[in-house]
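Notes for the one structure printed next.
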Amino acid sequence: MALLIQRPNGTEDVIPKNIYKWHTIEKVAREVAEKYGFKEIRIPTFENTNLFLRSVGETTDVVQKEMYTVIAKESKFTLRPEGTAGAVRLVMQNGLLNEPMPQRLYYILPCFRHERPQAGRLREFHQFGLEMIGSKSPIADAEVISLAKNFIDRLGLKNIALYINSIGCPTCRAKYHEALKDFFEKDKENLCETCLSRLDKNPMRILDCKSTVCSEISSNAPLIIDYLCEDCSDHFEKLKGYLNAMNIEFTVNPKIVRGLDYYTKTVFEFITTDIGAQGTICGGGRYDGLIEQLGGATTPALGFAMGIERLILTMESQGCEFIEPKKCDLYLAPMGENALHRILTIAHGLREEGYWVEYDVVGRSLKAQMKYADKINAFFTMVLGDNELDSNKAMLKNMSTGEQTEITLDENFYYNFSNIAIAGMFRESLEL
RNA sequence: GUGGGUAUAGCGUAGUUGGUUAACGCGUCAGUUUGUGGCACUGAAGACCAUGGGUUCGAAUCCCAUUAUCCACCCCA
């Protein structure tokens, strides 16, 4: 087992037995997103490093210590640590800002961050994210949050808390920063090292610090909510009103400070306590300044991202149901060369009709073939030997009931098979 | 980047104070008389006991290092 070359630390394989969990999430994600009018996009796995420096922000942890950056032919590229930057770049580069607004986009893709792996945190992880571009109205915020909520509900997740906050716009944030600096100045010597360095650059992050000393100091710190300008305050109040109108429960948490620099005004998180310390299942917010910052026209926008691995972990721990994987409709067991030849055409015909059909490619005994059919959970089996070829009739065996039905091997075979199959599957679905 | 735990066949485990060919369950493959699965029984394959050193007559078992992995800090999805 000392494998010569193993998976890189912090990455995961998904084996066939588990893939249905991913399919469930992806299917529900697409259905919900499209119900709200969102269209899927695909973006490259790597981008010019500058894209992330400019959007995510040079002082953030993500950029400073978590990026996978390579220098290739004198250019600097980075494996995307998140989706928003690339999505916004796509919008700008493809002229989507000239299309009808708002643009509603979603994506399902892997992201990469060089962190220390732990429960719910991988170096390669997968996001379901979406972006709504071109509306500054708080109703857009409500729409995006309600989509996230709807998706979470559709997966069957329970006890997911929604926290919202507003971190203001550059105007009100400047005032707030001053107030925070004044506040922390007097306890300066007690702050932890990282927070001390945050004092000048980004004092809001001190509120997010989990060290007991810092959180105690900041417990009485001024709150951004009290410093919002009229526009931001009005925006936040309206959002809360819309959420109430939609019966979406939320808690205002004035200490939510997202770790990516592009956020403005509304920020929100959906959190579970069921999967360990990394319980943020969904994080997002508004980024009204980002497009301008990347050289485009001033365009309001917002979005969120969900961690697919965390969603799966939560669903598993809560015993949520995944969409059951399909199974083999018919296993064909030939006996002898002549039967095998006949089976090839039968299998082809049924596959053309859309059925999942398998037959022996190993050369096993009949008994072993039946065992195999049982193990792969085949719905029907059909044995074909000289007797069947002579009489032109065979028995279709329902593997869950053991019941056998005669079927004629003529031009009506596919039609008859369909009838028997539908009847059998219908009966089974009733019994479940 | 900082802590702490763990490392025995594909998976889950046993292996007691160091003592000959490392055990068990599940799984895989084959068979239990020749044309039918699930149960049961039989058998087979599969582990240089994470890697590299050291202590010892002798190490899966003790010591050191490395690597991987898990959990937590941090950060975020």
Side-chain angles (χ1 to χ4, degrees), chain A residues 1-12 15 17 25 56 60-66 80-84 108-129 148 192-195 198 205 208-212 214 256-260 263 267 269-272 275-284 303-314 331-336 339 360 362 364-388 394-402 404:
Chain A
M1 179 223 65
L3 205 54
L4 210 55
I5 299 171
Q6 299 183 322
R7 232 187 301 130
N9 195 1
T11 61
E12 274 185 351
I15 59 177
K17 173 177 95 172
I25 306 259
V56 174
T60 59
D61 281 9
V62 169
V63 164
Q64 281 190 339
K65 34 191 198 191
E66 296 171 7
R80 59 166 169 257
E82 56 102 50
T84 300
I108 297 172
L109 40 74
C111 296
F112 308 85
R113 292 182 199 171
H114 190 100
E115 300 179 89
R116 193 74 169 265
Q118 79 185 70
R121 191 171 72 186
L122 293 160
R123 287 182 174 171
E124 180 185 28
F125 62 101
H126 294 75
Q127 285 191 343
F128 160 46
C192 75
E193 221 171 286
T194 32
C195 282
R198 284 165 173 161
R205 292 267 216 94
D208 214 22
C209 184
K210 270 123 192 159
S211 91
T212 43
C214 294
I256 294 183
V257 180
R258 316 239 65 238
L260 310 181
Y263 285 114
V267 291
E269 293 179 355
F270 286 88
I271 295 179
T272 175
I275 56 171
Q278 308 299 323
T280 305
I281 266 178
C282 170
F304 69 69
M306 308 229 191
I308 295 183
E309 286 86 351
R310 288 184 188 177
L311 290 171
I312 293 177
L313 284 176
T314 314
Y331 182 88
L332 292 163
M335 300 184 65
D360 179 53
V362 177
R364 281 197 255 242
S365 71
L366 180 61
K367 194 165 194 164
Q369 291 192 53
M370 293 303 287
K371 279 191 181 178
Y372 175 79
D374 185 57
K375 278 175 201 153
I376 65 169
N377 234 324
F379 201 95
F380 289 108
T381 52
M382 188 170 83
V383 177
L384 220 64
D386 291 338
N387 297 345
E388 285 77 11
M395 300 304 281
L396 257 187
K397 181 170 183 176
N398 181 321
M399 291 297 274
S400 51
T401 64
Q404 303 213 40

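All values reported here derive from a predicted model rather than from experimental measurement. Protein chains get the first letters and strands the later ones, always in sequence-line order, with residue 1 at the start of each.
- The separation of B:G5 from B:A47, taken at their P atoms, amounts to 31 Å, rounded to a whole angstrom.
- Judged by atom type and distance alone, A:Gln278 reaches the base of B:C75 through a side-chain donor-acceptor pair under 3.5 Å.
- Contacts of A:Ile281 with the nucleic acid, taken as non-hydrogen atoms under 4.0 Å apart, involve only primed sugar atoms and P, OP1 or OP2.
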Below 3.5 Å, can you tabulate the donor-acceptor pairs from side chains in residues 372-385 of chain A to any protein atom, sequence neighbours excluded?
from: A:Tyr372; atom 1: OH; to: A:Glu358; atom 2: OE1; distance (Å): 3.2

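- Looking at heavy-atom distances under 4.0 Å, A:Cys282 makes contact with sugar-phosphate atoms alone, never a base.
- Listed nucleotides B:A30, B:A77, B:U36 differ in distance to A:Ala368; the shortest reach to its side chain belongs to B:A30.
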Kindly express the pairing pattern of RNA chain B in dot-bracket notation, using | wherever a base pairs with another strand and counting only Watson-Crick or G-U pairs under 3.5 Å.
-> (((((((..((((.....[...)))).(((((.......))))).....(((((..]....))))))))))))....
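- Distances were taken from every side-chain heavy atom of A:Ser365 (C-beta onward) to each of B:C75, B:G31, B:U36; the shortest belongs to B:G31.
- Spacing of P atoms, B:G12 relative to B:U42, comes out at 26 Å, to the nearest Å.
- Ranking B:A72, B:A77, B:A68 by closeness to the A:Gln118 side chain, first place goes to B:A72.
- Closest to the side chain of A:Arg364, out of B:A30, B:A72, B:G31, is B:A30.
- Base engagement by A:Glu388 is indicated by at least one non-hydrogen atom pair under 4.0 Å involving a base atom.
- Without hydrogens or angle criteria, A:Arg123 side chain to A:Glu115 main chain gives a donor-acceptor distance under 3.5 Å.
- Using P as the reference atom, B:G10 and B:U51 are 13 Å apart when rounded to the nearest Å.
- Heavy atoms of A:Leu260 sit under 4.0 angstrom from primed sugar atoms or phosphate atoms, though from no base atom.
- Side-chain proximity of A:Met370 to the nucleotides B:U36, B:G35, B:C71 is greatest for B:U36.
- On a pure distance criterion of 3.5 Å, no polar donor-acceptor pair joins the side chain of A:Arg116 and the base of B:C74.
- The phosphate of B:C29 (OP1 or OP2) has a side-chain N or O of A:Lys375 nearer than 4.0 angstrom.
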With the criterion being N/O to N/O and under 3.5 Å, what pairs connect the protein with nucleotides 38-46 of chain B, and how long is each?
from: B:G38; atom 1: O4'; to: A:Asp374; atom 2: OD2; distance (Å): 3.3

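- Residue A:Gln369 is out of contact with every strand shown, counting any heavy-atom pair closer than 4.0 Å.
- Counting any heavy atom pair closer than 4.0 Å across all strands shown, A:Gln127 reaches sugar-phosphate atoms only and no base atom.
- Among the atoms of the strands shown, only primed sugar atoms or phosphate atoms (P, OP1, OP2) are found under 4.0 Å from some heavy atom of A:Asn9.
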